[in-house]
Protein chains: 2
Amino acid sequence: MSTDASEIYRRYIGAMVLHGLHAARSCGLGGTDLYALNLLDLNGPMTPGELSAQTGLTTGPTTRLIDRLEEAGFVRRTPSPDDRRKVIVELLAEPAPLAEALAPAREKLGDIFAGYSEEERRTLFDYFARATEALRP
Amino acid sequence: MSTDASEIYRRYIGAMVLHGLHAARSCGLGGTDLYALNLLDLNGPMTPGELSAQTGLTTGPTTRLIDRLEEAGFVRRTPSPDDRRKVIVELLAEPAPLAEALAPAREKLGDIFAGYSEEERRTLFDYFARATEALRP
DNA sequence: CGTAATCTCTTCCTCAACGAAGAGACTTCC
DNA sequence: GGAAGTCTCTTCGTTGAGGAAGAGATTACG
């Protein structure tokens, strides 16, 4: 990994984070809200207790965090079938405001992918899958 | 771009953002602070006024934002040579606390890259360069 | 030369998010 | 069946970030 590649890669991570934060802002989301949404996206539905553990928040703020996300239409609360104390927080399939905010960037990225061969795309997506696992906090 | 690939990619973006926010927290930085740092990294040194325009903050909070970043050792203020009203905010080459927080992830990514051929790495870095440009807010 | 414009920084105020502590509902275990 | 433990949610007080308005220094322009 040359110095040049490392430089490109560092800046690329910065661009991705910036992109995510920018999209979050345009939806009126704070950093913690975005953090929670990504946790739900990556790790699947979970209880408020688990979300609280993964965000590092105590239970009070976690309840209000979920309130905000639910009110904004990003997640849904459903009662747990096997333990009536518990609640399951579930990411909705298409959070409309976020999809809208991300649409222009997605289109640009789609164009970029279209320029690669089938084999090159395979390499890219193989890397994405590995990196996603490696970067999980 | 198949549905499957799109899914992988979406999760990958989420992982990157999560990774950035996680690193920022471990350095005591908020979302806005991270946003500003990435702006400085991608766009180079700039005045508080420009930073204020790009973050969307008014000038008051921007001053305090720079105060925080300077105090934490991430940036440096230097007087502008050609306009004595202005200040130039500059990202320091190696913000130690951030480098430390990112080190484990970087090592993992290094291992991943080591598994690819020279040609595959070229494809990946080509994509990084294009995507960085496309995702700039 | 003097007035207007520009740039950073300070001060005061507001508001949103967090932690702590405890209530209420439910489950588990003896 | 009852006591202890678990889970979510509510309330109260605190803290920190952001907006508004203006001061002070410097530059630009008539």
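Every value quoted in this text rests on a predicted model; they were computed, and no experiment measured them. The chains referred to below are lettered A, B, ... by the order of the sequence lines, with proteins before strands, and numbering in each begins at 1.
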In one Ile/Leu/Val/Met/Phe/Trp/Tyr side-chain cluster, 4.5 Å: B/Phe113, B/Ile8: yes
A/Leu18 and B/Leu91: same hydrophobic cluster, using ILVMFWY side-chain contacts below 4.5 Å? yes
Measuring from B/Leu39:CG to A/His22:NE2, what's the distance to the nearest 0.5 Å? 10.0 Å
Mind running a 4.0 Å heavy-atom check of residues 41-48 of chain B against DNA chain C and sending the residues that fall below it, in number order? B/Thr47, B/Pro48
What class does the angle between the rings of A/Tyr127 and A/Tyr9 fall in, given that below 30° is parallel, 30 to 60° is tilted and above 60° is perpendicular? perpendicular
In whole angstroms, the gap separating C1' of C/dT10 from CD1 of B/Ile66 amounts to 14 Å
Is the side chain of A/Arg106 donor-acceptor paired with the backbone N or O of B/Arg10 at a distance under 3.5 Å, no angle test? no
Going hydrophobic residue to hydrophobic residue with side-chain gaps under 4.5 angstrom, can you get from A/Ile88 over to A/Ile66? no
Less than 4.5 Å apart, side chain to side chain, heavy atoms only: is that true for B/Leu29 and B/Leu69? yes
Between CG of B/Leu102 and CD of B/Glu107, what distance do you get to the nearest 0.5 Å? 13.0 Å
Could you list, one pair per line, each protein nitrogen or oxygen that sits under 3.5 Å from a nitrogen or oxygen of nucleotides 16-24 of chain C, together with the distance?
unit_1: C/dC18; atom_1: OP1; unit_2: A/Thr32; atom_2: OG1; d: 2.9
unit_1: C/dG19; atom_1: OP2; unit_2: A/Thr58; atom_2: N; d: 3.2
unit_1: C/dG19; atom_1: OP2; unit_2: A/Thr58; atom_2: OG1; d: 3.3
unit_1: C/dG19; atom_1: O6; unit_2: A/Arg64; atom_2: NH2; d: 3.4

Separation of A/Arg77 atom CZ from D/dC7 atom C1', in whole Å? 13 Å
Tabulated below should be each protein N or O lying under 3.5 Å from an N or O of nucleotides 26-30 of chain C; please produce it.
unit_1: C/dT27; atom_1: OP1; unit_2: A/Arg84; atom_2: N; d: 3.3

Atom-pair distance (NZ on B/Lys86; C1' on D/dG24), nearest Å: 18 Å
Taking CG from B/Leu51 and P from D/dG18, how many angstroms apart are they, rounded to a whole number? 12 Å
When rounded to the nearest 0.5 Å, the distance separating CE of A/Met16 from CZ of B/Phe128 is 9.0 Å
Spacing of CG belonging to B/Leu37 relative to CG belonging to B/Leu51, to within rounding of 0.5 Å: 9.5 Å
